[in-house]
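Here the structure is laid out as structure tokens; the discussion comes afterwards.
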Amino acid sequence: MTEFRRIETVSPYEHVIATQQFDLEFLADVFQRADHFRNKEKQRRTALNRKGYARDDLEGWNVLVAFYEPSTRTRFSFEVAARNLGAMVTSSDSMNAFSSAKKGESIEHTVKTLSQYGHILVMRFGNEGDAIRAAKASDVPVINAGEAGHSPNSPYNCQHPTQALLDLYTILNETGGLSDKTIAFVGDLKHGRTSNSLAYLFGKIEECSDDVDQRVLEYLGIRRGKQNNKLLFVAPDICQVGSDILRYLDSKGVSYEVTGNLDTALASADATYMLRTQLERIDDQDEAREIAGKYRIDNSNIHLLRERGIIMHPLPVDSNQRELDDGVEYDAKSRVFDQVLNGLVVRMGLLKAMRDYREKQIENGS
Ligand code: NCD
């Protein structure tokens, strides 16, 4: 078992558990690789160039994909990303029902077993704390592809760090830089792991130290010192953002506002990040009914968005709650499906970066 002191000290090239691990160099590295793959992906979709990828990027690697919770985009994009780069993929999307978890096996034993078969494990976890336990037990890198619901007491738990990567990459590409931005998070912020992971990441990038390479700063569209970003948390009181996140943002000097007013947020945000209410994580169904679908973007308020303001959503949109309605997900202001494509190329970039790191380690004999 590997011992971790603080998660921040675990290299994200080694294991990806929480966004507090990421630094600016790592973000720029993964994003630049994603740029490369995005160009390839675009070429590949034209009739003239159907080949596209250097399929030896992950040659010889067995990527094991093991999910304990439902997923569409995260699982498919990881599997396609790995295959595009020439890896072999073995997956289970129903670990709860069909793995030995059903027979009482601990996450440690399952992960130790899987790490005898694969070169990297991509896992979605159903229980708080499992991502860290898995990384400690594994003989190979573990990527947390989403862990349970939010836990305000453990800032490293219940995150979705690769979603935060693709969301930040989308904001960078669509708003032209990661400073002087106002980002509104709207909906069930209590249980949504995607918004929480992204909020931590904004804390992480707020202060840029003197020793960061100028090229990294230019690429990410940030400056030395403070970035002057602002986060708006728009939610009903009972599912507002956790105190852990606000404490983290305070410690990093990020300005934020906790509010219930969607109209004002739409008018000031560069990006508005919508969320469904996570009914599967709420015991009190009266509470759930009260908040589900309370905040929407539809034909009645989309005009409130500022001229260059964009709409984001990690998906899925719940077609009963209709937090995006009247087809606004297809509007020119929506980047919802750009996020989907970015998810593929960012995950390709991440896998390739982790592979290169591993190869260097082996060359150096460690
Ligand atoms: C999200 C998730 O699983 O956390 N989806 C995703 O990974 N793109 C959001 C959600 O479930 O609402």
Side-chain angles (χ1 to χ4, degrees), residues 16-19 34 65-81 91 93-96 122-128 130-131 143-152 156-171 183 185-201 233-236 239 241-242 245 271-282 288 291-297 311-325 329 334-348 350:
V16 174
I17 300 160
T19 51
V65 179
F67 274 40
Y68 290 84
E69 278 196 349
S71 169
T72 301
R73 279 146 288 270
T74 308
R75 190 171 63 82
F76 278 102
S77 63
F78 261 119
E79 292 195 20
V80 172
S91 76
D93 57 4
S94 312
M95 292 292 283
N96 259 335
V122 178
M123 301 186 70
R124 175 163 284 194
F125 304 98
N127 298 308
E128 184 189 333
D130 275 1
I143 298 178
N144 169 14
E147 181 189 277
H150 185 56
S151 152
Y156 306 120
N157 288 354
C158 302
Q159 288 213 18
H160 194 346
T162 66
Q163 178 73 37
L165 281 179
L166 77 90
D167 290 334
L168 196 72
Y169 182 70
T170 304
I171 293 169
I183 312 293
F185 295 96
V186 182
D188 181 359
L189 308 181
K190 184 170 173 188
H191 305 98
R193 56 194 169 199
T194 64
S195 52
N196 290 327
S197 295
L198 186 55
Y200 274 121
L201 198 44
F233 296 106
V234 186
C239 59
V241 63
I245 290 169
T272 301
Y273 192 99
M274 299 296 292
L275 289 163
R276 72 184 173 94
T277 300
Q278 307 225 339
L279 297 175
E280 73 276 27
R281 303 193 197 283
I282 302 175
I291 55 181
K294 182 158 180 186
Y295 290 105
R296 288 186 182 151
I297 302 183
I311 300 168
M312 296 174 65
H313 192 305
L315 300 177
V317 171
D318 183 328
S319 48
N320 297 312
Q321 300 174 26
R322 294 183 288 129
E323 66 273 14
L324 295 182
D325 203 6
E329 64 273 33
S334 166
R335 297 295 181 276
V336 165
F337 296 105
D338 302 272
Q339 286 172 270
V340 172
L341 177 60
N342 289 343
L344 173 65
V345 296
V346 163
R347 287 173 176 129
M348 289 175 76
L350 176 65

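Each ligand, and each atom within it, is numbered from 1 in the order the structure gives. We number each residue from 1, following the sequence as shown.
Residue Gln278 touches ligand 1 through its side chain alone, judged by heavy-atom distances below 4.0 Å.
Among the atoms of Arg193, some N or O lies under 3.5 angstrom from an N or O of ligand 1.
Close approach to Thr194 involves these atoms of ligand 1, each under 4.0 Å from a residue heavy atom: 1 (C), 4 (O). Using a 4.0 Å cut-off to heavy atoms of Leu315, the atoms of ligand 1 that qualify are 1 (C), 5 (N), 6 (C), 8 (N), 9 (C). Of all atoms in ligand 1, listed by their number and element, those nearer than 4.0 Å to a heavy atom of Gln163 are 6 (C), 7 (O), 8 (N). Of all atoms in ligand 1, numbered sequentially from 1 with element shown, those under 4.0 Å from a heavy atom of His160 are 2 (C), 4 (O), 6 (C), 7 (O).
The shell of residues lying under 4.0 angstrom from ligand 1, judged by heavy atoms, includes Arg124. Close to ligand 1: Pro314, with a non-hydrogen atom less than 4.0 angstrom away.
When only non-hydrogen protein atoms are considered, atom 12 (O) of ligand 1 lies nearest to Arg276 NE, 2.6 Å.
Asp167 pairs with exactly one of Arg335, His160, Gln339, His313 by the side-chain hydrogen bond (donor to acceptor under 3.5 Å, both in side chains) rule, that one being Gln339.
For the residue pair Asp188 / Gln278, no side-chain donor-acceptor distance below 3.5 Å is found, with atom types taken as modelled. Gln163 and Thr74 share no donor-acceptor pair across their side chains, judged by distance under 3.5 Å alone.
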* **Worked verdict on Glu329 versus Val317 for side chain to side chain contact (heavy atoms under 4.5 Å, CB included)** => CA-CA 9 Å; Glu329 64 273 33; Val317 171; 5.6 Å; no
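Inter-residue side-chain proximity for Asp318 and Thr277 is flagged as unmet; no heavy-atom pair is nearer than 4.5 Å.
Judged purely by atom type and a 3.5 angstrom limit, Arg124 has no side-chain atom pairing as donor or acceptor with the backbone of Glu69.
Ring geometry for Phe185 against Tyr273 counts as tilted: the plane angle lies between 30° and 60°, on a 0 to 90° scale.
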